[in-house]
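Note that the numbering runs from 1 along the sequence shown for the chain. When reading the values below, keep in mind they use all heavy atoms of this one structure, side chains included, and skip hydrogens, waters and symmetry mates. A quick note: this is a predicted structure, and the numbers were derived from the prediction, not measured.
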Amino acid sequence: MNDAAVRGDAPAPPPPGGVLWSLAGDIRGLLMLPAALTLQVAHPAVGAGVDEHSVFRTDPWGRGERSLRSLQLWVYGGEGAAEEGRRLRKLHRTIQGTDTRGRRYHALTPENYAWVHATGFPVYQHAARYLVRPLTGEQERALYREWLQVGRILGIHDRDMPQTIEEFWPYYRKMLAEEIEATAVVRELVATDAAVPPLDRGPAAVRLLLRSVWPALLPQLARFRSFVTVGLMPPDAREAIGLTWSPVQERRLRRLCTVIRLVVPVLPDRLRYLPLARSARAAWRAERAGLRPRRGGSARSA
């Protein structure tokens, strides 16, 4: 168990200015999330839990919005990060059933809960090569340390996660070899013909416009979602699940990511960063410049 848990202290979020701090709130992170989610649900127990208990089919936009806000709180929420971690564990207490291999599962079984969290690291590490820049060895180690810190926020004990990057890769490869498969939810997430309702939030004029063009727009969006989901997934995970990827698709992905790497860094902060990340970055810059006293990293100050 980590020292904070032993003392009864709430674990702190990753440090401002760290690798995860830079990646998680950047809009390019939105393109990484589908690959991480798909790798999560490729675990039979996780896939069964999502299949049987999630509202991702009936309320996809609300589910996505809540998940994104939760992730942002883990990194930029200050004192609110630990509170969000407790909320998530409480939410998952009743999620249980039988997976596709006939095994009983519970969402908070340590190996299941840890896998859901663990998938974020290899996806960030791989997708950053395309969308941002390849991470140095030192940055990869820092990212993994910060990802472990997020795990503590979520209530994952140190004993349930590899504690070094050298220990992580054998664990990851073992999971790919022994557990991962193309579950029903995986197939649904990479399908190009899935039925998704039009956006049901935001300005009324935007919702009305989207509803009118949705029949023509949805197939294009579904193909793009499938393309980035499979393309930004680490190749060994892609192979373990059985997802196909051609050299032609690889070249298309690289061209797209080149444009994104050139455009996003020159955008103003209000377009480049998600709201909670943007506020946290502004508060951190102000503190570093000595423009205001430190307020303990509360969610309000972020």
Participant: Compile the donor-acceptor pairs under 3.5 Å between side chains in residues 186-194 and protein atoms, sequence neighbours left out, one pair per line.
Facilitator:
| unit_1 | atom_1 | unit_2 | atom_2 | d |
| --- | --- | --- | --- | --- |
| Arg187 | NH1 | Ala182 | O | 2.6 |
| Glu188 | OE1 | Arg57 | NE | 3.1 |
| Glu188 | OE1 | Arg57 | NH2 | 3.0 |
| Glu188 | OE2 | Arg57 | NE | 2.9 |

Participant: Is a donor from one side chain sitting under 3.5 angstrom from an acceptor on the other, for Trp74 and Ser70?
Facilitator: yes
Participant: Taking C-beta and beyond as the side chain, do Leu20 and Gln149 meet within less than 4.5 Å on heavy atoms?
Facilitator: no
Participant: Linking I/L/V/M/F/W/Y whenever any side-chain heavy atoms sit under 4.5 Å apart, do Leu253 and Leu221 land together?
Facilitator: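 Result: no, two separate clusters.
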Participant: Are Leu274 and Leu199 connected in a single hydrophobic cluster, I mean Ile/Leu/Val/Met/Phe/Trp/Tyr linked by side-chain heavy atoms less than 4.5 Å apart?
Facilitator: no
Participant: Taking atom CZ as the centre, does Arg225 end up with more than 12 heavy-atom neighbours from other residues, nucleotides or ligands that are less than 6.0 angstrom away?
Facilitator: yes
Participant: Between the side chains of Glu111 and Arg103, is the shortest nitrogen-to-carboxylate-oxygen separation below 4.0 Å, so that they form an ion pair?
Facilitator: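 Judged by the 4.0 Å cut-off on N to carboxylate O distance, Arg103 and Glu111 do not form a salt bridge.
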Participant: Can you list every side-chain hydrogen bond (donor to acceptor under 3.5 Å, both in side chains) pair that touches residues 13-37, not counting sequence neighbours?
Facilitator: Asp26-Arg28, Asp26-Arg272
Participant: Between the side chain of Ser279 and the main-chain N/O of Pro275, is any donor-acceptor distance below 3.5 Å?
Facilitator: yes
Participant: Please tabulate, for side-chain N and O atoms in residues 233-241, each donor-acceptor pair with protein atoms closer than 3.5 Å (sequence neighbours left out).
Facilitator:
| unit_1 | atom_1 | unit_2 | atom_2 | d |
| --- | --- | --- | --- | --- |
| Asp236 | OD1 | Tyr172 | OH | 3.0 |
| Arg238 | NE | Val230 | O | 3.1 |
| Arg238 | NH2 | Val230 | O | 3.4 |
| Arg238 | NH2 | Gly231 | O | 3.2 |
| Arg238 | NH2 | Met233 | O | 3.2 |

Participant: Between Tyr130 and His126, does the ring centroid distance fall short of 6.0 Å?
Facilitator: yes
Participant: Does a sphere of radius 6.0 Å around CZ in Arg63 hold more than 12 heavy atoms from other residues, nucleotides or ligands, not counting ones at 6.0 Å or beyond?
Facilitator: no
Participant: Consider only side-chain heavy atoms of I, L, V, M, F, W and Y, link residues closer than 4.5 Å, and tell whether Tyr273 and Leu262 are in one cluster.
Facilitator: no
Participant: Around Arg201, counting heavy atoms of other residues, nucleotides and ligands shown, do more than 12 lie under 6.0 Å from its CZ?
Facilitator: yes
Participant: Would Val55 and Arg66 satisfy side chain to side chain contact (heavy atoms under 4.5 Å, CB included), going step by step from the backbone distance to the final call?
Facilitator: CA-CA 11 Å; Val55 297; Arg66 291 188 295 274; 3.6 Å; yes
Participant: Assess whether atom CD of Glu138 is packed by more than 12 heavy atoms of other residues, nucleotides or ligands within 6.0 Å.
Facilitator: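 It does not: Glu138 CD has 12 such atoms or fewer within range.
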Participant: Under 4.0 Å between a Lys/Arg side-chain N and an Asp/Glu carboxylate O for Glu84 and Arg87?
Facilitator: yes
Participant: Should Arg252 and Gln249 be marked as a side-chain hydrogen bond (donor to acceptor under 3.5 Å, both in side chains) after you check the CA-CA gap, both sets of side-chain angles, and the distance that decides it?
Facilitator: CA-CA 5 Å; Arg252 287 175 53 206; Gln249 288 173 306; over 6 Å; no
Participant: Please verify the inter-ring angle class for Trp61 with Trp214; under 30° counts as parallel, over 60° as perpendicular, anything in between as tilted.
Facilitator: perpendicular
Participant: Check side-chain contact (heavy atoms from CB on, under 4.5 Å) between Gln220 and all other residues, then give those that pass, not counting sequence neighbours.
Facilitator: Arg223
Participant: More than 12 foreign heavy atoms under 6.0 Å from CZ of Arg270: is that the case here?
Facilitator: no
Participant: Each residue besides Tyr105 in its hydrophobic cluster should be listed here, by chain and number; the cluster joins Ile, Leu, Val, Met, Phe, Trp and Tyr at side-chain heavy-atom distances under 4.5 Å.
Facilitator: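 Members alongside Tyr105: Ile95.
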Participant: As an exercise, state the distance from CZ of Phe168 to OH of Tyr171, rounded to the nearest 0.5 Å.
Facilitator: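 Answer rounded to 0.5 Å: 6.5 Å.
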Participant: I'd like to check Trp115 versus Thr109 (side-chain heavy atoms, cut-off strictly below 4.5 Å). Are they in contact?
Facilitator: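 Sidechains of Thr109 and Trp115: no contact.
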Participant: List in chain and number order the residues that pass side-chain contact (heavy atoms from CB on, under 4.5 Å) with Pro34, two or more places apart in sequence or in another chain; answer none if no residue qualifies.
Facilitator: Thr229
Participant: Looking at Arg69 and Glu65, does any basic side-chain N land under 4.0 Å from a carboxylate oxygen?
Facilitator: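 So Arg69 does not pair with Glu65 through a salt bridge.
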Participant: Looking at Glu179, I want to see if its CD is surrounded by more than 12 non-hydrogen atoms of other residues, nucleotides or ligands under 6.0 Å.
Facilitator: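 Above 12, so yes.
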